[in-house]
Amino acid sequence: MPPSLRSTLTRLVPGLTSVASVASAGAGELTASIEIPQLNVAEYHRPYVAVWIETPKRAFAANVAVKYDVEMADNEGETWLKDLRQWWRKSGRELDLPLDGVSGPTLPVGTHDITVATSAPALSELPAGNYVLVVEASREVGGRELVRVPFAWGANQSVEASAAGKSELGNITLRISQP
């Protein structure tokens, strides 16, 4: 976190200094920047988005995030997660949602960073090797798109990789920093 932003946040949220220091002290991070493009359509609904890691042979490895309407009554938002077809088959149907640290609300138009500490259980247990970050988006009365970003995972190895979608997703950038 840039010092000026930390200073501003510390003034607004007392006690944040210790939280920010713990989070940045010696911790690596995986950050997926996801662009949700502005679409010129008659009826627009925010997309549901799932982000996960799989092997080059497309075996599921770890969940990073799933963004859906978590505030619908009676968990009705979970009903539509099946439209994230690839993610649903690989992981979603086996999960009890919402999932701490993974579930979150839908994303509006714009670029959003999803950051996970490399020390998180799902990531820290990945053996070194080649993987693919997969981002899938599906929108009510809209389309579905999946973008794959290959990367290498290993100790003390920083990564920056990207790919771009063509309709429901824009640029996807993956950055991994190691402590």
Side-chain angles (χ1 to χ4, degrees), residues 1-2 4-5 8-9 28-56 58-73 75-93 95 97-118 120 122-123 130-153 158-177:
M1 178 182 306
S4 61
L5 178 58
T8 301
L9 289 174
E29 294 179 335
L30 178 150
T31 300
S33 293
I34 299 169
E35 180 184 16
I36 306 294
Q38 176 75 49
L39 301 175
N40 189 14
V41 294
E43 185 177 350
Y44 181 80
H45 298 273
R46 289 183 181 183
Y48 281 22
V49 176
V51 182
W52 72 95
I53 296 171
E54 62 184 27
T55 68
R58 300 193 176 182
F60 176 81
N63 276 305
V64 175
V66 58
K67 304 292 187 181
Y68 64 99
D69 195 342
V70 293
E71 295 184 356
M72 289 182 87
N75 299 324
E76 191 175 334
E78 294 177 18
T79 303
W80 307 107
L81 287 171
K82 296 175 197 153
D83 291 344
L84 295 166
R85 295 181 205 149
Q86 291 291 314
W87 173 77
W88 184 254
R89 286 186 208 126
K90 291 182 183 267
S91 174
R93 64 181 167 198
L95 297 175
L97 295 165
L99 199 59
D100 280 347
V102 174
S103 298
T106 56
L107 304 172
V109 170
T111 300
H112 308 276
D113 287 348
I114 296 172
T115 301
V116 178
T118 56
L123 298 179
N130 293 320
Y131 292 93
V132 178
L133 180 81
V134 185
V135 180
E136 182 176 22
S138 180
R139 193 169 47 83
E140 182 181 353
V141 195
R144 185 182 75 82
E145 185 167 29
L146 191 121
V147 174
R148 296 177 187 279
V149 183
F151 67 97
W153 176 263
S158 295
V159 170
E160 183 155 341
S162 62
K166 295 179 181 172
S167 58
E168 301 294 331
L169 292 167
N171 292 323
I172 308 295
T173 302
L174 170 67
R175 289 182 299 278
I176 301 173
S177 63

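Just so you know, these numbers come straight off a predicted model, no measurement behind them. Side chains are part of it too, since the values below use all heavy atoms of this structure and drop only hydrogens, waters and symmetry mates. Positions are given from 1, in the same order as the sequence printed here.
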**Study point:** Heavy atoms from other residues, nucleotides or ligands near CZ of R58 exceed 12 (cutoff 6.0 Å)
**Key:** no

**Study point:** T31: side-chain hydrogen bond (donor to acceptor under 3.5 Å, both in side chains) partners, not counting sequence neighbours
**Key:** T115

Point to revise | Pairwise side-chain contact, I34 with V147, heavy-atom cut-off 4.5 Å (strictly under) | key: no

Practice item. To the nearest 0.5 Å, tell me how far L123 CG sits from Y131 OH. Key: 10.0 Å

Point to revise | K90 vs W52 side-chain heavy atoms within contact, under 4.5 Å | key: yes

Revision key, fill the gap. D113 meets the side-chain hydrogen bond (donor to acceptor under 3.5 Å, both in side chains) criterion, sequence neighbours left out, with S33

Review point. Are Y44 and V109 close enough, and set up right, to give a side chain to side chain contact (heavy atoms under 4.5 Å, CB included), and what steps lead you there?
Key: CA-CA 11 Å; Y44 181 80; V109 170; 3.8 Å; yes

Exercise for review: Identify the heavy atoms of N130 and A152 that sit nearest to each other, and give their distance.
Suggested key: OD1-CB, 3.7 Å

Point to revise | Minimal non-hydrogen separation, P37 against G170, with atom names | key: CD-N, 3.7 Å

Check your understanding: At their closest point, which heavy atom of V132 faces which heavy atom of P56, and how far apart are they?
Key -> CG2-CA, 4.4 Å

Study note, to complete from the structure: Taken in chain and number order and not counting sequence neighbours, the residues that satisfy side-chain hydrogen bond (donor to acceptor under 3.5 Å, both in side chains) with E160 are none

Practice item. Name all residues meeting the salt bridge (Lys or Arg N to Asp or Glu O under 4.0 Å) criterion together with E168; count only those two or more places apart in sequence or in a different chain, and write none if there are none. Key: R139

Check your understanding: If you take all heavy atoms of S162 and T173, which pair is closest and at what distance?
Key -> CB-OG1, 3.9 Å

Check your understanding: Do the side chains of L169 and I36 get nearer than 4.5 Å, heavy atoms only?
Key -> yes

Check your understanding: Taking the side chain as C-beta and beyond, is there a heavy-atom pair between M72 and T79 under 4.5 Å?
Key -> no

Exercise for review: Check S103 against P98 and note the closest heavy-atom contact, atom names and distance.
Suggested key: OG-CA, 3.4 Å

Practice item. Heavy atoms only: give me the nearest T106-P47 pair and the separation to one decimal. Key: CG2-O, 3.7 Å

Practice item. Report yes if some heavy atom in the side chain of I53 is under 4.5 Å from a heavy atom in the side chain of L30; otherwise report no. Key: yes

**Study point:** Side chain proximity check, V66 to L99, heavy atoms < 4.5 angstrom
**Key:** no

Show me the side-chain donor-acceptor pairs of residues 81-89 shorter than 3.5 Å, one per line, residues at least two apart or across chains.
unit_1: W87; atom_1: NE1; unit_2: N63; atom_2: OD1; d: 2.8

Exercise for review: Only counting residues at least two apart or in another chain, list the ones meeting salt bridge (Lys or Arg N to Asp or Glu O under 4.0 Å) with R46.
Suggested key: none

